[in-house]
Amino acid sequence: MPCEVEFEDVTKRFPGAARPALDHVSLKVEAGEFVTVLGTSGCGKTTMIKCVNRLVEPDSGTIRVEGEDVSAADPARLRQHIGYVIQKVGLFPHMTVGENVATVPRVLKWDKERIQARVDELLALVNLDPKEFAGRYPSQLSGGQQQRVGLARALAADPSLLLMDEPFGAIDAINREALQDELLRIHQGSRKTILFVTHDINEALKLGTRVLVMDAGRVQQFDTPKEICEHPATDFVRSLLRSGEFRLRSAYVEPGEGI
Amino acid sequence: MGAYLEFWSEHAEKFLDPLAEHLQIVGVTLLISVALAAVVSVALLRHPRAKGVVLQLLSAVYAIPSLALFAVLIPVTGLGESTAVLVLVAYNQYLLVRNIVTGIDGVDPSVVEAARGMGMSDARILREVQVPLALPLIMAGLRLAVISTIGIATIAATINAGGLGTVLFDGLRTLNSYKIVGGTLECALLAIVANAALRLLESAVTRRVVR
């Protein structure tokens with residue numbers, strides 16, 4: 001059930017914006033790929049994934065999920081089958097962790113036992129003990145734990161496509177590493193198609209089977225991490241790589257080593 | 001003091017019948033007010049651009065002194081309870097709609113985005129996410145509305161709508177201090193009891209929401 005995503009000449013310009021957020025974007029994501037969408041803020045990467053679940057409607061062009069034109073689908077039903085994780089998590093503060101994770105199954109009218117079993121399974125998947133966490137409220141969790149719940153909630157109805165908008169952007173470095181590793185494990189175990197937006201080049205290169213580099217609403221390069229590092233296609237990609245290298249190198253500077 | 005108690009117990013029906021009328025006016029007013037405010041608020045959420053104008057309009061109505069509003073409406077809707085209820089409902093709209101709309105606008109946008117992104121319908125988001133999270137403010141608005149309705153409803157006696165105002169105005173006209181004091185105590189007690197009850201309800205609701 002892995003699922004492919006295709007953009008065909010998609011353009012979106014927000015009212016009052018000087019230039020389009022998406023400028024004739026065409027690309028194809030194969031089923032089961034983990035694509036990281038990399039770019040600076042305002043480059044159109046968030047707009048791009050929001051077009052997939054129709055939180056944003058493009059001005060022109062076509063987006064197909066599993067070969068079906070999304071503009072022909074009912075937005076609510078479309079979204080029920082696409083996982084969606086955002087940086088601010090957006091957990092429902094008045095519902096327990098268990099109730100949060102059960103959101104989509106409840107909308108889909110699963111029966112109680114099935115929902116219960118699924119909630120336990122998902123919390124275990126994201127390394128939260130169901131017995132300990134299912135009854136807690138979001139405000140009783142750390143930022144990293146909240147995003148684990150956000151991920152479990154997005155996976156609840158077992159969507160074959162997962163959209164993630166800088167999900168780990170607000171999480172400290174150590175927890176971010178752990179979450180990245182778990183996401184890789186989940187991807188390898190399920191072969192879901194993932195579109196993952198980030199502005200962190202190291203994260204993009206670590207997670208992506210392919211990396212989509214965007215700037216000013218245009219695709220700069222869409223290739224494997226190896227190709228991007230060895231053969232950057234544009235000056236923009238080169239300057240992104242330089243910024244990433246600097247941070248990688250500076251992380252290994254020993255005290256007293258100097259620069 | 002003894003004389004007061006004696007008068008009140010001898011003429012209990014002169015105090016209890018108006019209290020019953022008063023409760024009836026307040027009850028009917030609140031039922032209509034809440035239903036209407038819900039409809040107006042949902043309309044404003046659908047058409048956010050109308051929000052500013054409508055809230056301005058409701059606050060303007062709220063600023064009209066009640067006696068003046070009663071007087072203006074007498075030629076149109078006549079004397080009696082229905083005119084009183086109409087005026088009281090109009091006043092409540094500002095308190096209720098303002099708090100409902102402000103409460104729902106105050107819900108964290110990322111929570112609403114997540115809900116929409118998971119495929120919840122607008123109606124479901126309103127019912128399961130926005131209203132529960134706005135409940136503390138909505139309840140505060142309701143409490144204000146109840147208290148102000150109990151107070152303003154006394155003035156409705158001037159247009160023959162009955163209620164505790166009749167006790168007060170009768171007392172004033174005949175300089176009967178038993179009635180003035182008794183009616184005042186009734187009004188005050190009613191407001192205090194209603195306020196306390198709604199506060200309890202409010203904190204029960206809020207405890208569930210804000211954790």
Side-chain angles (χ1 to χ4, degrees), chain A residues 46 49-50 52-56 73-97 99-109 135-141 146-147 149-157 159 162-167 170, chain B residues 38 41-42 45-52 99-143 198-211:
Chain A
T46 292
I49 69 161
K50 281 188 176 178
V52 178
N53 65 359
R54 292 189 62 186
L55 288 175
V56 171
D74 171 56
R77 293 208 36 202
L78 176 76
R79 291 171 195 147
Q80 286 157 17
H81 299 284
I82 299 178
Y84 186 55
V85 184
I86 54 179
Q87 179 175 354
K88 289 187 173 162
V89 195
L91 293 181
F92 303 139
H94 58 305
M95 295 184 193
T96 62
V97 165
E99 288 166 340
N100 266 284
V101 175
T103 305
V104 178
R106 212 172 50 233
V107 171
L108 294 174
K109 300 196 170 71
R136 288 208 199 169
Y137 283 84
S139 62
Q140 299 168 309
L141 306 180
Q146 287 184 11
Q147 194 54 286
V149 178
L151 181 58
R153 186 172 67 169
L155 292 170
L162 198 53
L163 306 175
M164 308 185 78
D165 191 358
E166 303 206 31
Chain B
S41 302
V42 168
L45 292 171
R46 295 253 164 87
H47 306 281
R49 260 181 290 176
K51 218 182 297 176
N99 277 41
I100 295 172
V101 169
T102 314
I104 286 176
D105 281 350
V107 172
D108 183 351
S110 61
V111 171
V112 178
E113 191 197 329
R116 187 160 290 127
M118 284 188 289
M120 291 171 82
S121 65
D122 285 349
R124 195 171 190 127
I125 294 173
L126 187 67
R127 203 170 59 237
E128 294 186 9
V129 180
Q130 290 170 310
V131 168
L133 289 176
L135 217 46
L137 259 182
I138 295 175
M139 290 299 301
L142 182 66
R143 189 165 54 84
L198 283 162
R199 260 197 195 287
L200 273 178
L201 189 65
E202 213 175 305
S203 70
V205 161
T206 312
R207 228 186 341 241
R208 226 186 103 63
V209 173
V210 185
R211 291 215 171 228

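Here is how names work: the chains are called A, B, and so on, in the same order as the sequence lines, proteins then strands, and each is numbered from 1. What you see is a predicted model; the values in this text were computed from it and never measured.
- Using a 4.5 Å cut-off on side-chain heavy atoms (C-beta onward), B:I100 and B:I138 make contact.
- Exactly one of B:V111, B:V112, B:I104 qualifies for a side-chain contact (heavy atoms from CB on, under 4.5 Å) with B:L133. That residue is B:V111.
- Using modelled atom types, one side-chain atom of A:Q147 and one backbone atom of A:I86 make a donor-acceptor pair closer than 3.5 Å.
- With A:Q146 contributing its side chain and A:L91 its backbone, the two residues share no donor-acceptor pair below 3.5 Å.
- Listed for the A:R54 side chain is a donor-acceptor partner under 3.5 Å among the backbone atoms of A:A73.
- Between B:D105 and B:K51, at least one side-chain N (NZ, or NE/NH1/NH2) sits under 4.0 Å from a carboxylate O, which counts as a salt bridge.
- Of the two parts of A:I82, only the backbone, made up of N, CA, C and O, holds a non-hydrogen atom closer than 4.5 Å to a non-hydrogen atom of chain B.
- Heavy atoms closer than 4.5 Å to chain B are found nowhere in A:R136, neither backbone nor side chain.
- If you measure heavy-atom distances from A:V89 to chain B, the contacts under 4.5 Å come from the backbone alone.
- Among A:R77, A:Q87, A:R153, A:H81, the residue making the largest number of heavy-atom pairs under 4.5 Å with chain B is A:R153.
- The contact list for residues 121-128 of chain B toward chain A, using heavy atoms and a distance under 4.5 Å, reads B:R124, B:E128 by residue number.
- When atom types are taken as modelled, the side chain of A:N100 and the backbone of A:M95 share a donor-acceptor pair closer than 3.5 angstrom.
- Residues B:M118 and A:V107 form no side-chain contact, since every pair of their non-hydrogen atoms from C-beta on lies 4.5 Å or further apart.
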